[in-house]
Amino acid sequence: MSEKIPEKEPVVKKNFIHQIVEEELNAGKNDGRVHTRFPPEPNGYLHIGHAKSICLNFGTAQKYNGLTNLRFDDTNPSKEETEYVDSIKEDVHWLGFDWGDREFFASDYFDKLYEFATKLIKEGKAYVDDQDAETISSQKGTPTRPGLESPHRQRSVEENLDLFVRMRDGEFSDGEKVLRAKIDMASPNMHMRDPILYRIMKTPHHRTGDKWCIYPMYDFAHGQCDYWEGITHSICTLEFEVHRPLYNWFIDQLKTDEYRPRQIEFARLNLTYTVMSKRKLLELVKDKHVSGWDDPRMPTVSGLRRRGYTPESIRNFAERIGVTKVDGMIDVALLEHSVREDLNKKAQRVMGVLNPLKVVITNYPEGQVEEMDAINNPENPEAGKRKVPFTREIYIEREDFMEEPPRKFFRLGPGREVRLRYAYFVTCTDVVKDEQGEIVELHCTYDPASRGGNSPDGRKVKGTLHWVSATENVEAEVRLYDRLFLDEDPNGHKDRDFKEFMNPNSLTVLDKCYIEPFVKDSKALDSFQFERLGYFNVDSDSKADKLVFNRTAQLRDNWAKKQGK
RNA sequence: UGACCCAUGGUGUAAUUGGCAACACGUCUGAUUUUGGUUCAGAAGAGUCCAGGUUCGAGCCCUGGUGGGUCAACCA
């Protein structure tokens, strides 16, 4: 007989970073310690690409009993704001991760960084340069040609020290001087050509106020913060690969024993039909192409949340796409599959009609209201049942009726019989039109013996329609979303702006939709499956007297798929 | 005329570290179904960028190509 089949756990696949970690653990490195960090710059909202990084950083630490710090990379006060800090914290928590009391800011280290810079000056490894940005840039050379040394490169330690103090004390104006590392202007790696360490910026900082008027550059801050926090694995995206020698150079100047953080790079997430850079997302927000960072069409964490995505679905997605160094492009269909999969298990079923067509059941008693039994979630028996009111006048979906139904159309047509879910079999007897020939109403008769949806004589019907009572219902606004861009890779066109590929129909607002009374008291973020239509959640614009729903995702629809061809 | 990185079905990842290429999404059949959902059964689709080499044996190792990406912000 059977050996015990191992429980199917939510396996975390072993990616190349996990392999590195395991090799190091086996070699006894860092005393078996694993400590990662998630280091966002608070200059925008987090997007699904950050979510991948969050899952990687927190997930890796969890897997190896380690810790993860949240550290805001706030070295550029001209772009960073507290609003972003707050949203980032909310998003990381919502995704299901916790950094305990290890919430840090690069700005926490401004004093230590300043000291470290002073040390480098004293060791003759840094100097103050008086040249302007353009000159420094032109002396930098090109990737294929070495750079030129600055005329100030050989200043004495004393002069450098004096100048640096005066930079800090505000004696010079923005851009007048910089502190540079003295490394190698001929290095094949551009980042090693005397990189800038500090620049003058008389801009108040969101945390340090006007204490500083010089601010460290990213390269001069990141690795050192990692070092001071005891980070073992500094995981970042591929574009920082060429920065690694410089990262290591600073650590070399800092380290006092064997410990050193290791920078490992992985490929950032690209998704089809969207853009994934904070700069471009900010542009969409500023130019009002979307309603804000949390517009449900945005690939931001807050947008996905508002759209109805669950943290679980995003974590599963992150797990499924894996972690590699291949710069690829993930099909959004995979993201959509991840929500459907999660919501299918969890979402309360409900009937809602988006595009109403009135149906009068002519042989049904006027004024009668019957409470029909409906299953809350067929995937979860514990979710129980509810009552749905049935009346003589109801609404059905316009697309569920065709006057001249094609082959394989299982729904309603003249003379046809269908099932109204959880209610009765009805047969269409009349089609009522207005002067324009537009169908305004259907007349049907019902079979009282088919109460609940089955006929005692064993009669079968091909179609089952959802419906909502025309008198016992909740009226709602429903927002349907489509991809923001029509092109798979709006970024991938040279000489064309990504905004040229925007989908003009990415948002459709349906004003008069009818939902069964069950949803009446629902709150923002509550998710439902509107049967046969898709997953919908309550939008934050929703009011008690005017519910607003977002369509999170459509249900798979083989019929629609065949029609499309 | 540089440095660094990458290359496996349509897409994304695997392959016990050298042993007859697996999984997920997507696509297509069929079954079940009071959601044209879910579930279930099945199919098609790559011979691993190319050329050499090492080896009994290479997607994994070596060499050389090719293609793609990143780097020349006082951004991160």
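Chain letters run A, B, ... following the sequence lines, proteins first and then strands; every chain starts at 1. Computation of the quantities below employed the complete heavy-atom set of this structure, encompassing side-chain atoms and omitting hydrogens, waters and symmetry-equivalent molecules. Please read these numbers as outputs of a predicted model, since none were measured by experiment.
Taking the six-membered ring for Trp, Tyr514(A) and Tyr395(A) have ring centres closer than 6.0 Å. When ring centroids are compared, Tyr309(A) and Phe317(A) stay outside the 6.0 Å threshold.
Taking the 5.5 Å centre cut-off and the 30° plane limit, the aromatic side chain of Tyr218(A) is not classed as stacked on A76(B).
Within the 4.0 angstrom heavy-atom criterion, no nucleotide atom of any strand lies near Glu265(A). Within the 4.0 angstrom heavy-atom criterion, base atoms lie near Arg419(A). Residue contacts for Asp132(A): at a heavy-atom cut-off of 4.0 Å it reaches a base atom on one of the strands shown. If you check every strand for non-hydrogen atoms under 4.0 Å, Asn454(A) touches a base. If you check every strand for non-hydrogen atoms under 4.0 Å, Gln19(A) touches a base. Counting any heavy atom pair closer than 4.0 Å across all strands shown, Ser78(A) reaches no nucleic acid atom. Within the 4.0 angstrom heavy-atom criterion, no nucleotide atom of any strand lies near Lys462(A). Within the nucleic acid shown, Arg411(A) comes within 4.0 Å of at least one base atom, counting heavy atoms only. Note on Phe409(A): a base of the nucleic acid sits closer than 4.0 angstrom, heavy atoms only.
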### Task
Give the B/S/- string for nucleotides 65-73 of chain B, one per nucleotide from 5' to 3', where a protein heavy atom under 4.0 Å of the base yields B, of only the sugar-phosphate yields S, and otherwise -.
----SSSBS
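Residue Ile321(A) has its side chain nearest to G12(B) when only U35(B), G36(B), G12(B) are considered. When distances run from any side-chain atom of Thr324(A) to the nucleotides U17(B), G2(B), U13(B), the shortest one goes to U13(B). Checking A76(B), A24(B), U1(B) against the side-chain heavy atoms of Asp73(A) singles out A76(B) as nearest. Listed nucleotides: U35(B), C75(B), U13(B). Nearest to the side chain of Pro378(A): U35(B). Here the nucleotide nearest the side chain of Asn76(A), chosen from C74(B), A76(B), C25(B), is A76(B).
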Taking only nitrogen or oxygen atoms into account, show me every contact under 3.5 Å that the protein makes with nucleotides 58-62 of chain B, one pair per line with its distance.
none

I'd like a list of close polar pairs between nucleotides 8-11 of chain B and the protein, N/O only, cut-off under 3.5 Å.
| unit_1 | atom_1 | unit_2 | atom_2 | d |
| --- | --- | --- | --- | --- |
| U11(B) | O3' | Met329(A) | O | 3.3 |
| U11(B) | O2' | Met329(A) | O | 3.1 |

Using a cutoff of under 3.5 Å, can you pull out all pairs of nitrogen or oxygen atoms linking the protein to nucleotides 38-46 of chain B, with atom names and distances?
| unit_1 | atom_1 | unit_2 | atom_2 | d |
| --- | --- | --- | --- | --- |
| U38(B) | OP1 | Arg556(A) | NH1 | 3.3 |
| U38(B) | O2' | Asn344(A) | ND2 | 3.2 |
| U38(B) | O2' | Glu379(A) | OE1 | 3.1 |
| U38(B) | O2' | Glu379(A) | OE2 | 3.2 |

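Between the C1' atom of A76(B) and the CG atom of Leu246(A) lies a distance of 14 Å, rounded to the nearest Å. For Gln263(A) and C4(B), the CD to C1' distance is 12 Å, given to the nearest whole Å.
By the salt bridge (charged side-chain N to carboxylate O under 4.0 Å, His left out) test, Lys52(A) pairs with no residue at all, sequence neighbours left out. With sequence neighbours left out, His243(A) forms a ring pair (Phe, Tyr, Trp, His ring centres under 6.0 Å) with His191(A), Phe240(A). For the side chain to side chain donor-acceptor pair (under 3.5 Å) test, no residue two or more places apart in sequence or in another chain qualifies with Gln224(A). Residues passing the ring pair (Phe, Tyr, Trp, His ring centres under 6.0 Å) test with Phe220(A), sequence neighbours excluded: Phe116(A), Tyr198(A), Phe250(A). For His50(A), the ring pair (Phe, Tyr, Trp, His ring centres under 6.0 Å) partners are His47(A), not counting sequence neighbours. Partners of Phe530(A) by ring pair (Phe, Tyr, Trp, His ring centres under 6.0 Å), not counting sequence neighbours, listed by chain and number: Phe536(A), Phe549(A).
If you run ring-ring contact (aromatic ring centres under 6.0 Å, His included) between Phe72(A) and each of Phe104(A), Phe105(A), Tyr84(A), only Phe105(A) comes through.
Remark: the separation of the C1' atoms in U29(B) and G45(B) is 15 Å, to the nearest Å. Across G9(B) and G47(B), the matching C1' atoms stand 10 Å from one another, rounded to whole Å. The C1' atoms of G57(B) and C40(B) are separated by 40 Å, rounded to the nearest whole Å. Distance noted for atom C1' between A73(B) and U54(B): 47 Å (whole Å). Across G59(B) and G53(B), the matching P atoms stand 15 Å from one another, rounded to whole Å. Rounded to the nearest Å, the gap between the P atom of U33(B) and that of A14(B) is 41 Å.
If you check the side chains of Asn189(A) and Ser187(A), you find no donor sitting under 3.5 Å from an acceptor. Between the side chains of Gln263(A) and Tyr247(A), no donor-acceptor pair of N or O atoms lies under 3.5 Å.
Under 4.0 angstrom from either OP1 or OP2 of C75(B) there lies at least one side-chain N or O belonging to Arg199(A).
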### Query
Given pairs defined as Watson-Crick or G-U wobble with both distances under 3.5 Å, what dot-bracket annotation applies to RNA chain B, with ( ) intrastrand, [ ] crossing, | other strand and . unpaired?
.((((((..((((.....[..)))).(((((.......))))).....(((((..]....))))))))))).....
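Nearer to the 5' terminus of RNA chain B, by closest-nucleotide assignment, is the contact made by Glu23(A) (compared with the other of Glu23(A) and Phe410(A)).
Contact check of residues 39-47 of chain A against RNA chain B (heavy atom, cut-off under 4.0 Å) returns Glu41(A).
Taking the ring centre of Tyr273(A) as origin, the terminal cationic atom of Arg483(A) falls inside the region bounded by 6.0 Å and 45° from the ring axis.
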